[in-house]
Amino acid sequence: MKYIIYSTLLFFIFSCKSSKDIDARWARDNNVAAKLEGKIIVYTIFVDSKKTLPWSGFDIKSTKDSLNKVFNWVKHESKKYGKDVDIVPIYGTLNSKQTIKKKLPHGSLSAAFSEGEYSKVSKLGKWANGIAKKYEKSIKISGEPLPKKPKLDSFQKLVTKLKQNHKADNVVVFFMLNNYYISDVSATFNNMTDSEVEFAINSGKSSSLFAAQFLSLFGAQNLNKEAYSSHEVEKLALAQEDFPQDIMLNYESDLNNLNIGRHTAYLVGLTEEINSKYADLFKMSPIKKKKSEKFK
Amino acid sequence: MKNLSRILALLICVALSGCASVVDSENNWFRDRNVCKKLVGDVLVYPVFVEQKKGSVWTEEDRFMYLDSLQKGLMWIQKQASNDSIRLNFIIKAHPKVMKKGLPGKSVKGALAMLEGTKSHTKFNKHYDNISKKASSKVEKKEVLKPFVKKIKSKERLIAKLRNAYQVESVVLMFIHKPEELNHLYLNMNSLTNMDVEYIVTTFQSPAVINYQVLQLFGAATMNYNRGKKKEKASKLIVEELFPDDIMANLGKSIQVLTIGDYTKYLIGWTNKEKDYFKNIVSERKVVVK
């Protein structure tokens, strides 16, 4: 049943399962994809998981096409706010292979979340770290060697090397799963914390979904009411009224018809000011459980 | 026309998936699902002719005639798309070899009887897995981009190889059997699940039925209502009033007098505009869930 009702939704995962209010601004100017400006490295890794389909040449090519569409769209939208961004895509390879085999915990993302991902230890975080470790080792650092203290984990080493080698301001790490006929969710991780590197796991090849994932890592607030498992945006109607074509509200529509609204622009750092009437839109409160659910 | 209606008496239409319970479906469940998501861009149609080891065979002329009908049907859809300014390009590539396997249950009647069983879907899928396994070796050398398709299940493998060989997003995999006198069969398998790839099984050569099945694979819902059912009366009125010539509501009529209505356009991804009255259209399709 689960597998049928899940469409390619984007899941927004908080760093901890909080029962308190959350403010979307916590993700602003945070972690390795801090502000949408300057030079941005998008490091993409194609993963052959056991239950998702192995990547074929065509799937990789068409996914890269979707990503290129996203990068052009982001550049175009940023220009509207007077910002020039330089996006450099890098596709990770290991021993000249374009993909890596790594079994996904629980088989799929949707299964992982329905089985309590984040309730204790993030298995998906471990999964991503394991992959990052292999790619980090394959990259030689140019210039200054990595500092010995503080000790960096594999993910941090990977990001530091990419930043240093390419003189980049921001790094986005994407893990791609080939789900051309399997419907699964996509998710972003650690974008409200700075203790671990943020990253995204993407299913399918929808360019609108990739764009929403990209902006989420820069701090954009997901405005789709289906996106949160434990919280809800209190003043969602305000976003629906004022930013009907915003990507974070409509990532199931065609990317060509979407834009970055002022609310999202503020959160990703394209603007430094926002009208005070949107202050309540940032608030996300825990979903109140119905009586019948409380006693389950 | 009379003959066709006799044939249609034996029709069944099932959107099959795993097994177990059946629930009512919603419009959005039809859209953007499985291999054939949106009916746009380049679409590969890959007919595989299948015949019984003993029984009538697919002669070269039979296959030529079938492909001619298929071409006629698909060009009709392409023209409808063009009228709506949708870019759609069907690429028809028939599998070069006739597969000797026959229908599950060895005949149309046997296949229909098998569908009533509790493990019917698994048996059906396994049957076409075996055919695909043999067929996929012929596609192997045509793959153009590395990495090539690796070890995966048979139908999945065939479709993955075809996508890589022809560089297309959508593949309509068709298994075409010979009809048996007036016994016909058409099935769309796995359209509403993500546990296995979707495909068409048919004995029909009529462009209208072929198109009906192809559109259904891309999410179109059948709108052939039984007047006796209360729930469907309202739906029938909407269809009769707003799109009386829709192909999905007129199975059996010639495509020359049919069109593609707004509801079907929405379901196959030609428009994203969901109209309020769509919610009042009940589809006969049921979703079989695990």
Side-chain angles (χ1 to χ4, degrees), chain A residues 1-9 46-66 91 93-101 107-108 110-111 178-185 203-209 226 245 250-258, chain B residues 15 17-18 20-21 23 25-26 28-38 40-42 44 143-153 155-157 159-171 173 190-199 269 271-274 287-290:
Chain A
M1 180 66 186
K2 284 172 220 157
Y3 292 98
I4 287 180
I5 59 168
Y6 279 125
S7 63
T8 44
L9 293 178
F46 294 96
V47 187
D48 281 341
S49 162
K50 199 175 180 184
K51 284 198 176 172
T52 59
L53 292 158
W55 285 96
S56 72
F58 168 71
D59 286 314
I60 290 178
K61 181 178 168 268
S62 51
T63 304
K64 285 180 180 176
D65 287 346
S66 287
Y91 298 99
T93 55
L94 272 182
N95 304 323
S96 69
K97 280 188 180 173
Q98 299 176 73
T99 60
I100 182 171
K101 273 185 193 171
S108 69
S110 47
N178 186 24
N179 284 325
Y180 76 83
Y181 83 87
I182 297 167
S183 304
D184 199 4
V185 295
S203 305
K205 63 178 79 163
S206 154
S207 48
S208 303
L209 194 80
E226 304 287 333
Q245 295 307 113
N250 277 307
Y251 45 77
E252 280 154 1
S253 302
D254 185 346
L255 188 62
N256 296 323
N257 302 325
L258 301 174
Chain B
S17 67
S21 61
V23 296
S25 54
E26 293 170 18
N28 284 337
W29 290 18
F30 300 150
R31 301 184 82 217
D32 271 349
R33 196 158 292 281
N34 215 297
V35 179
C36 298
K37 294 185 175 70
K38 285 193 167 96
V40 294
D42 292 333
L44 176 70
E143 285 190 81
V144 289
L145 279 178
K146 280 186 177 179
F148 297 150
V149 177
K150 293 170 196 165
K151 289 174 189 171
I152 45 177
K153 276 199 296 178
K155 287 190 304 302
E156 283 179 2
R157 192 174 183 190
I159 287 182
K161 279 176 183 293
L162 289 168
R163 291 172 84 242
N164 203 20
Y166 294 96
Q167 301 285 292
V168 290
E169 196 60 55
S170 304
V171 175
L173 178 61
N190 306 325
S191 287
L192 298 174
T193 178
N194 60 11
M195 310 300 270
D196 203 344
V197 289
E198 59 188 343
Y199 60 98
T271 175
N272 287 325
K273 286 176 191 164
E274 186 177 9
V287 184
V288 189
V289 295
K290 286 209 169 193

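Here is how names work: the chains are called A, B, and so on, in the same order as the sequence lines, proteins then strands, and each is numbered from 1.
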* To do: Against chain B, label A:K97 side chain, backbone, both or neither, depending on which of its atoms sit under 4.5 Å from a heavy atom there.
  => neither
* **side chain to side chain contact (heavy atoms under 4.5 Å, CB included) partners for B:Q167, two or more places apart** => A:F58, A:K61, B:V144, B:L145, B:N164
* **Sub-4.5 Å side-chain heavy-atom contact between A:K64 and A:Y91** => yes
* **Among B:K146, B:E198, B:R163, B:K37, residue most engaged with chain A (heavy-atom pairs, under 4.5 Å)** => B:R163
* **Interatomic spacing from CD1 in A:I182 to OG in A:S108 - rounded to 0.5 Å** => 8.5 Å
* With a 4.5 angstrom heavy-atom cut-off, which part of A:N257 approaches chain B: side chain, backbone, both or neither? -> neither
* Structure fact -> Most heavy-atom pairs under 4.5 Å with chain B, out of A:D59, A:N179, A:D254, belong to A:D59
* Asked: Who passes side chain to side chain donor-acceptor pair (under 3.5 Å) against B:E156, sequence neighbours left out?
  -> A:Y181
* Structure fact -> Counting heavy-atom pairs under 4.5 Å with chain B, the top scorer among A:S253, A:S62, A:S56 is A:S56
* Answer yes if the side chains of A:D184 and A:S110 hold a donor-acceptor pair under 3.5 Å, and no otherwise. => yes
